[in-house]
**Student:** 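Please see the structure below; I have some questions.
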Amino acid sequence: MNAREQLRMLILAVLDRQPEHGYAIAQAINTRSEGLLRAREGTLYPALHALEAEGLIESQEHEVAGRTRREYRLTEKGRAALTRTRRDWQAQVGAVQAVLGGGKA
């Protein structure tokens, strides 16, 4: 899984808990990973647009404190994709652990 695919998986995982706007998604990724992972604006928003174009997420604009914010939410198609992606990620992690000697071979 490359970095682009990982970002997509992380976005879907954040949205699995609740709808969020872009900045909150980036903050959740940073916070949950204890600062090890960052979603920069230049990669986050193109990923959000691609996920929306694929029907994995949807968005609505809301007014918050006089500002318009776009809030993203997971669709059923996105939830199914997240389930598959989590399974694939776990298989990949297991394979790497087996090679490194941290898992059963």
Side-chain angles (χ1 to χ4, degrees):
M1 181 176 292
N2 64 34
R4 182 179 153 268
E5 292 167 330
Q6 287 177 2
L7 177 59
R8 291 166 54 95
M9 176 181 62
L10 296 173
I11 291 169
L12 295 176
V14 168
L15 295 177
D16 192 33
R17 288 192 181 175
Q18 67 186 36
E20 294 285 7
H21 57 85
Y23 180 77
I25 293 169
Q27 289 301 107
I29 291 169
N30 185 39
T31 300
R32 291 185 202 175
S33 71
E34 298 179 353
L36 293 175
L37 302 174
R38 297 199 183 274
R40 302 203 187 279
E41 191 174 316
T43 56
L44 177 66
Y45 287 98
L48 287 168
H49 296 148
L51 289 167
E52 189 168 20
E54 293 171 36
L56 302 179
I57 64 174
E58 58 190 14
S59 67
Q60 280 188 316
E61 288 186 350
H62 296 281
E63 182 108 0
V64 178
R67 292 182 53 192
T68 301
R69 290 202 171 168
R70 182 167 297 277
E71 184 178 79
Y72 298 90
R73 76 179 64 252
L74 202 55
T75 63
E76 285 305 312
K77 184 177 176 182
R79 200 170 310 286
L82 178 58
T83 298
R84 285 189 308 274
T85 303
R86 281 180 169 146
R87 183 184 60 237
D88 293 346
W89 175 255
Q90 290 302 321
Q92 189 172 27
V93 168
V96 170
Q97 286 177 331
V99 172
L100 294 175
K104 296 178 182 177

**Student:** Verify the neighbour count for atom CZ of R4: are there more than 12 heavy atoms of other residues, nucleotides or ligands below 6.0 Å?
**Tutor:** no
**Student:** Please name the pair of heavy atoms, one in G55 and one in K77, separated by the smallest distance, quoted to 0.1 Å.
**Tutor:** O-CB, 3.7 Å
**Student:** Any pair with a residue in residues 6-20 that passes salt bridge (charged side-chain N to carboxylate O under 4.0 Å, His left out), sequence neighbours left out, goes on the list, sorted by first then second residue, please.
**Tutor:** R8-E54, D16-R79, D16-R86
**Student:** Going by salt bridge (Lys or Arg N to Asp or Glu O under 4.0 Å), name the residues that satisfy it together with R73, two or more places apart in sequence or in a different chain.
**Tutor:** E71
**Student:** Please test I11 against L56 for side chain to side chain contact (heavy atoms under 4.5 Å, CB included), starting from the C-alpha separation and ending with a verdict.
**Tutor:** CA-CA 10 Å; I11 291 169; L56 302 179; over 6 Å; no
**Student:** Would you check, one step at a time, whether the test side chain to side chain contact (heavy atoms under 4.5 Å, CB included) holds for I29 with L7?
**Tutor:** CA-CA 9 Å; I29 291 169; L7 177 59; 4.2 Å; yes
**Student:** Using 30° and 60° as the class limits, which term best fits the ring planes of H21 and Y23: parallel, tilted or perpendicular?
**Tutor:** parallel
**Student:** Can a donor-acceptor pair be found, under 3.5 Å and without considering hydrogens, that links the side chain of E5 to the backbone of N2?
**Tutor:** yes
**Student:** To check you understand the geometry: which heavy-atom pair defines the closest contact between L82 and M9, and what is its length?
**Tutor:** CD1-O, 4.0 Å
**Student:** Can you pull out every salt bridge (charged side-chain N to carboxylate O under 4.0 Å, His left out) where at least one residue sits in residues 28-44? Sequence neighbours excluded, please.
**Tutor:** none
**Student:** L44 and G22: which non-hydrogen atoms are nearest, and at how many Å?
**Tutor:** CD2-O, 3.3 Å
**Student:** Distance check, rounded to the nearest 0.5 Å: E58 atom CD versus E52 atom CD?
**Tutor:** 8.0 Å
**Student:** Determine the minimum heavy-atom distance between A39 and A26, stating which atoms define it.
**Tutor:** O-CB, 3.6 Å
**Student:** Minimum heavy-atom separation for I25 and Y72, please, with both atom names.
**Tutor:** CD1-CD1, 4.2 Å
**Student:** Ignoring hydrogens, what is the shortest heavy-atom contact between S33 and L37? Give both atom names and the distance.
**Tutor:** OG-N, 2.9 Å
